[in-house]
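First the structure, in the form of structure tokens, and then the observations on it.
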Amino acid sequence: MVIVAPSILSSDFANLGQELLKVQGSGCKWVHVDVMDGHFVPNISIGAPVLKAIRRSTPLFLDVHLMISDPEQYYSDFITSGADLVCFHYEAVEPEKIMPLIKKIKGRHVKVGMSIKPKTRPDVLAPYLQYLDLVLVMSVEPGFGGQEFMPNSLEKVRQLRAEIDNNGYQCLIEIDGGINENTAKMAIAAGADVLVAGSYLFGHDDFAERVKKLH
Ligand code: DX5
Ligand code: ZN
């Protein structure tokens, strides 16, 4: 069964505690936290102090997606603030610094993920798959919720699924952006393990029903 990770980017930030209870009440074990710096992406969202408050109010697995230009400077703050998984972007780190960053994050006893934007080829992830707990395929340009799903992401998921399975790696495949009951089916068929969904879930009275539909 796939993991559904509701993205709080589309939640009511004035009632974050209630929104997290809604996530828990729907049976989800993960929550997806989008961190944006206004530089790597043209939007600013939330930072480590908010993550710390989230950590205090929920036992959910905190899946932290860093859409920031300098993950090497900030990853530690997010771990200290309670992240269970830190996912940084391939595009944000110089190639020779990727492996050291993976090791530093793992050394803090949290899970590590790496993400690719829609224009990045999945091949770039291949050398790292054996060390990663998760790869995140963006199915929209990162920065905003509520965008339309980009179908070219499905081929990337299929390619990564084959690479991971053929080598017996443990890495999960997460897909993020434009997930609804239709695109979820395609993503699962392509081999995704984790579905991030924001605007499809939050702001609707039938949150738990929608989570079921995604499954
Ligand atoms: C976009 C974020 C996503 C976003 C998804 O940059 O990474 O996590 O919240 O939102 P929806 O599900 O509305 O596309
Ligand atoms: Zn995200």
Side-chain angles (χ1 to χ4, degrees), residues 2-13 16 19-20 22-23 26 28 30-48 50-51 54 60-69 71 74-75 78 83-92 111-120 125 132-154 156-157 172-188 192-204 206-207 209-215:
V2 289
I3 294 169
V4 173
S7 163
I8 56 159
L9 190 63
S10 294
S11 72
D12 177 3
F13 284 149
L16 200 43
E19 297 283 63
L20 291 165
K22 211 188 279 176
V23 174
S26 70
C28 289
W30 286 35
V31 69
H32 183 83
V33 181
D34 286 307
V35 176
M36 303 179 184
D37 64 354
H39 189 257
F40 183 75
V41 291
N43 195 10
I44 298 176
S45 58
I46 62 174
V50 176
L51 186 71
I54 293 172
L60 287 162
F61 182 90
L62 301 184
D63 168 27
V64 177
H65 180 191
L66 298 181
M67 284 163 277
I68 63 176
S69 294
Y74 295 104
Y75 78 92
F78 289 93
D84 292 299
L85 182 148
V86 173
C87 182
F88 63 90
H89 266 267
Y90 167 80
E91 300 86 357
K111 308 263 187 225
V112 60
M114 189 152 70
S115 180
I116 51 169
K117 297 207 279 184
K119 291 192 185 80
T120 304
L125 297 170
L132 293 168
D133 297 297
L134 175 144
V135 282
L136 168 49
V137 174
M138 286 305 303
S139 39
V140 297
E141 279 299 337
F144 300 91
Q147 302 180 75
E148 205 175 316
F149 184 80
M150 298 169 81
N152 77 324
S153 58
L154 294 170
K156 295 185 186 185
V157 171
L172 295 172
I173 302 173
E174 181 175 52
I175 189 161
D176 181 6
I179 293 293
N180 57 40
E181 57 202 82
N182 300 318
T183 55
K185 271 188 211 140
M186 298 189 262
I188 293 169
D193 301 296
V194 186
L195 306 176
V196 175
S199 55
Y200 175 72
L201 293 176
F202 286 100
H204 301 282
D206 55 346
F207 187 101
E209 284 305 309
R210 286 172 178 247
V211 168
K212 277 196 202 120
K213 283 183 188 160
L214 293 183
H215 281 298

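Whatever order the structure lists them in is the order used to number ligands and atoms, beginning at 1.
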Judging by distance only, is a nitrogen or oxygen of G178 under 3.5 angstrom from one on ligand 1? yes
Please name all residues satisfying salt bridge (charged side-chain N to carboxylate O under 4.0 Å, His left out) with D133, sequence neighbours left out, ordered by chain then number. none
Ligand 1 and Q147, any nitrogen or oxygen pair closer than 3.5 angstrom? no
Report yes if some N/O of S199 lies less than 3.5 Å from some N/O of ligand 1; otherwise report no. yes
Can you report which non-hydrogen protein atom sits closest to atom 12 (O) of ligand 1, along with the distance? G198 N, 2.8 Å
Distance under 4.0 Å to a non-hydrogen atom of H65: what atoms of ligand 1 satisfy this? 7 (O)
Residue pair V112 / L85: nearest heavy atoms and the distance that separates them: N-CG, 4.4 Å
Can you sort out which atoms of ligand 1 are near F144, meaning under 4.0 Å from one of its heavy atoms? 1 (C), 6 (O)
P142: numbered ligand 1 atoms lying under 4.0 Å from its heavy atoms: 6 (O)
With heavy atoms of D176 as the reference, note each atom of ligand 1 found under 4.0 Å away. 2 (C), 3 (C), 4 (C), 5 (C), 7 (O), 8 (O)
For the Zn ion (ligand 2), which protein N/O/S atoms fall under 2.8 Å? Skip waters. H32 NE2, D34 OD1, H65 ND1, D176 OD2
Check ligand 1 against S7 and write out every atom of the ligand that is under 4.0 Å from a heavy-atom position of the residue. 4 (C), 8 (O), 9 (O)
Pairing residues for D12 by the salt bridge (charged side-chain N to carboxylate O under 4.0 Å, His left out) criterion, not counting sequence neighbours: none
Report the part of A197 in contact with ligand 1, treating N, CA, C, O as backbone and CB onward as side chain, heavy atoms under 4.0 Å; options are side chain, backbone, both, neither. backbone
Under 3.5 Å between any N/O of G146 and any N/O of ligand 1: does that happen in this structure? yes
List for me each residue that meets salt bridge (charged side-chain N to carboxylate O under 4.0 Å, His left out) alongside E91, sequence neighbours excluded, and say none if there are none. none
Interfacing atoms of ligand 1 (cut-off 4.0 Å, heavy-atom, M67): 6 (O), 7 (O)
Which ligand 1 atoms, with their elements, are less than 4.0 angstrom from a heavy-atom of G145? 10 (O), 13 (O)
Judging by distance only, is a nitrogen or oxygen of V140 under 3.5 angstrom from one on ligand 1? no
Taking every heavy atom of M67 against every heavy atom of V41, the minimum-distance pair comes out as O-CG2, 3.9 Å
Report yes or no: does Y200 have a heavy atom closer than 4.0 Å to ligand 1? no
